[in-house]
Amino acid sequence: MSTPSPLREQREAMVDALLRWFAEAARPLPWREERTPYRVWVAEVMLQQTQVEKVKRYYAAFLRRFPTVEALAAAPLEAVLKAWEGLGYYRRARALHRAAQTIVAEYGGRLPDEVSALRRLPGVGAYTAGAVASIAFGQAAPAVDGNVRRVMARVLAHPAPPRAEIEEAVSLLLPADEAGTFNEALMELGATVCRPRHPQCRRCPWRPFCRAHREGAPEQYPAPKGRPALPHYDVVAAVIIGEEGRVLLAQRRAEDMLGGLWEFPGGKREADETREAALRRELLEEMAIHIEVGEPLIEMEHAYTHFRITLTAFRARLVAGEVRCLECDAFLWADEADLERLPMSVTDRRIATLVAPLLGTRLTAGEGRATSPT
DNA sequence: GAAACGTGGGC
DNA sequence: TGCCCAAGTTT
């Protein structure tokens with residue numbers, strides 16, 4: 001396809017207006033303080049599908065814990081997942097860890113500066129490669145994220161511009177000597193002015209160049225995408241406290257959803273089952289043990305990306321069998337310190353918070369009475 | 001190309 | 001309340 005000529009003709013004016021606006025309006029963000037390639041890379045991975053305000057709460061702590069590529073590469077994966085706890089899309093943390101090891105092994109601990117090499121690192125796609133190459137290394141590469149897609153959809157008044165068309169348009173505008181600043185400015189414009197709803201066209205440096213604004217309905221671009229309704233499942237989990245006052249946890253398989261995180265074992269209820277029966281079946285299938293299910297401890301609603309659940313955690317007691325991991329990567333009888341240390345998803349973290357005070361004393365399931373300490 | 005992959009804020 | 005969606009990547 002060909003880029004509309006207006007963009008080509010107005011290139012200089014558009015670049016100039018955007019950069020002047022950004023010099024004035026750029027938010028002070030933690031990852032804009034020191035632009036080392038490592039810091040830029042970590043920020044860009046954290047920012048994938050994640051709002052700036054949330055990343056702010058993790059970024060400094062993560063860099064304190066893993067100050068260099070070498071430190072990240074040398075750390076146990078579990079520590080990286082712990083630093084990621086609550087951020088979501090945990091595959092990113094595993095990929096970041098693996099990529100750090102690749103960078104140490106193959107690039108002497110320095111991030112590669114070219115898009116093609118960056119792109120080969122796990123967790124680095126077209127956007128992140130362009131962002132790191134341009135922001136950290138000054139390469140003239142486009143970085144097309146959701147903000148840029150929306151801004152360009154409006155500038156071009158195209159309901160659903162293909163990625164290639166957006167990259168072509170951005171590349172046409174991209175100033176070779178300020179590519180990183182330009183990319184950041186374009187994202188900043190989308191995030192703060194050209195927002196999904198109620199775009200602030202009065203404050204927009206690109207208003208004179210925007211076809212959607214001329215048409216009078218910028219909010220119509222890009223066209224919303226219809227989504228199927230999320231299926232719902234009943235999920236059950238077991239809080240099994242053994243005679244040592246420790247609770248049974250399982251580590252989710254690395255390749256599964258929430259891979260590598262620790263959980264209270266359990267699973268989905270099937271259509272013809274009670275929740276109690278489902279829990280007994282799951283513990284037999286996953287951990288090879290027979291349990292007696294006690295009273296529910298907590299119930300919560302939670303929405304994942306593509307389904308919703310009602311999660312009920314039950315007290316339970318080990319009746320027979322020896323614990324083995326049939327459908328998990330590891331298991332552990334956890335004390336209070338383990339509960340705090342191990343990485344968990346938000347739902348299991350809530351159960352853990354509730355369970356922690358019950359540990360360390362010899363409690364019998366369903367009894368609620370402490371025996372004398374040993 | 002479509003589906004999978006977390007979480008929480010905003011309306 | 002329920003739905004949208006955010007600095008995307010992988011399979």
Side-chain angles (χ1 to χ4, degrees), chain A residues 22 26-27 29-32 39-59 81 84-96 98-99 118-136 142-152 160 162-164 166-167 170 180 182-192 194-198 219 222-232 252-261 263 300-309 311 343-350:
Chain A
F22 187 59
R27 294 169 291 179
L29 299 173
W31 45 93
R32 290 178 176 166
R39 291 173 57 92
V40 171
W41 171 48
V42 169
E44 292 305 336
V45 173
M46 280 193 175
L47 285 161
Q48 292 169 4
Q49 293 289 284
T50 307
Q51 291 169 340
V52 164
E53 287 307 312
K54 184 156 199 182
V55 172
K56 278 184 180 176
R57 301 199 290 271
Y58 286 80
Y59 185 69
L81 287 169
W84 209 267
E85 187 180 285
L87 251 188
Y89 286 134
Y90 299 95
R91 171 192 300 271
R92 293 181 295 172
R94 297 195 298 276
L96 200 67
R98 268 194 297 138
L118 288 164
R119 188 68 186 71
R120 275 182 244 124
L121 297 170
V124 177
Y127 162 73
T128 305
V132 173
S134 64
I135 297 169
V144 177
D145 74 336
N147 290 306
V148 174
R149 196 154 35 243
R150 181 173 58 257
V151 171
M152 296 312 295
R163 179 185 183 82
I166 297 175
E167 282 193 353
V170 172
F182 178 85
N183 283 334
E184 275 200 285
L186 198 43
M187 290 189 273
E188 189 86 350
L189 186 68
T192 63
C194 195
R195 302 182 303 204
R197 279 161 304 196
H198 311 301
E219 265 185 286
K225 34 195 162 188
R227 299 183 184 194
L230 304 183
H232 176 272
R252 296 180 60 87
R253 287 182 294 205
E255 65 276 13
D256 288 357
M257 177 177 170
L258 304 173
L261 300 188
E263 67 175 2
M300 57 190 111
E301 305 292 326
H302 189 73
Y304 292 100
T305 310
H306 56 295
F307 61 91
R308 296 175 295 117
I309 63 168
L311 172 59
M344 296 181 187
S345 71
V346 291
T347 54
D348 285 285
R349 178 53 60 197
R350 282 183 64 186

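So you know, we letter chains A, B, ... as the sequences are listed, proteins then strands, and number each from 1.
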Only counting residues at least two apart or in another chain, list the ones meeting side-chain hydrogen bond (donor to acceptor under 3.5 Å, both in side chains) with A:E263.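 Scan of A:E263 (side-chain hydrogen bond (donor to acceptor under 3.5 Å, both in side chains), adjacent residues dropped) gives A:R252.
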Heavy atoms, side chains only, cut-off 4.5 Å: are A:F307 and A:H232 in contact? no
Within a strict 4.5 Å, meaning less than it, do heavy atoms of the A:V52 and A:L29 side chains meet? yes
Would you mind classifying the nucleic acid contact of [X] as base, sugar-phosphate or nothing, using non-hydrogen atoms under 4.0 angstrom?
| X | result |
| --- | --- |
| A:P224 | nothing |
| A:W84 | nothing |
| A:R32 | base |
| A:L29 | base |
| A:R120 | nothing |
| A:V124 | sugar-phosphate |

Are any of the side-chain nitrogens in [X] or [Y] under 4.0 Å away from the carboxylate oxygens of its partner?
| X | Y | result |
| --- | --- | --- |
| A:E167 | A:R163 | yes |
| A:R349 | A:E85 | yes |
| A:E219 | A:R197 | no |

Which residues pass the ring pair (Phe, Tyr, Trp, His ring centres under 6.0 Å) test with A:H302, not counting sequence neighbours?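 With neighbours one apart ignored, the set is A:Y304.
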Shorter than 3.5 Å, N or O on both sides, protein versus nucleotides 8-11 of chain B: list them out with atom names.
none

Whole-Å [atom1] distance, [N] and [M]:
| N | M | atom1 | answer |
| --- | --- | --- | --- |
| C:dA7 | B:dC11 | P | 15 Å |
| C:dT11 | B:dG1 | C1' | 12 Å |
| C:dC4 | B:dA3 | P | 16 Å |

Nearest-angstrom distance from the residue atom CZ of A:R349 to C1' of B:dT7: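 The distance from CZ of A:R349 to C1' of B:dT7 comes to 15 Å, rounded to the nearest Å.
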Compare every heavy atom of A:I135 with every heavy atom of A:E184, then report the nearest pair and how far apart it is. CG-CD1, 3.6 Å
Can you tell me if CZ on A:R39 sees more than 12 non-hydrogen neighbours from other groups inside 6.0 Å? yes
Check every nucleotide of DNA chain C for an atom under 4.0 Å from a heavy-atom of chain A, then give the first and the last such nucleotide from 5' to 3'.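 Using the under 4.0 Å cut-off, the span is C:dC5 to C:dT10.
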Name the atoms and distances for all side-chain donor-acceptor pairs under 3.5 Å in residues 119-133 of chain A, with sequence neighbours left out.
unit_1, atom_1, unit_2, atom_2, d
A:R119, NH1, A:V124, O, 3.3
A:Y127, OH, A:E44, OE1, 2.5
A:T128, OG1, A:Q48, NE2, 2.9

Tabulate atom names and distances for all N/O pairs under 3.5 angstrom spanning the protein and nucleotides 3-5 of chain B.
unit_1, atom_1, unit_2, atom_2, d
B:dC5, OP2, A:H306, NE2, 2.3

Checking side chain to side chain contact (heavy atoms under 4.5 Å, CB included) for the pair A:I166/A:V148: CA distance, chi angles, key distance, verdict? CA-CA 8 Å; A:I166 297 175; A:V148 174; 4.2 Å; yes
If you pin A:R163 and A:P196 to their nearest nucleotides in DNA chain C, which one's is more 5'?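 First, find each residue's nearest nucleotide; the 5'-ward one identifies A:P196.
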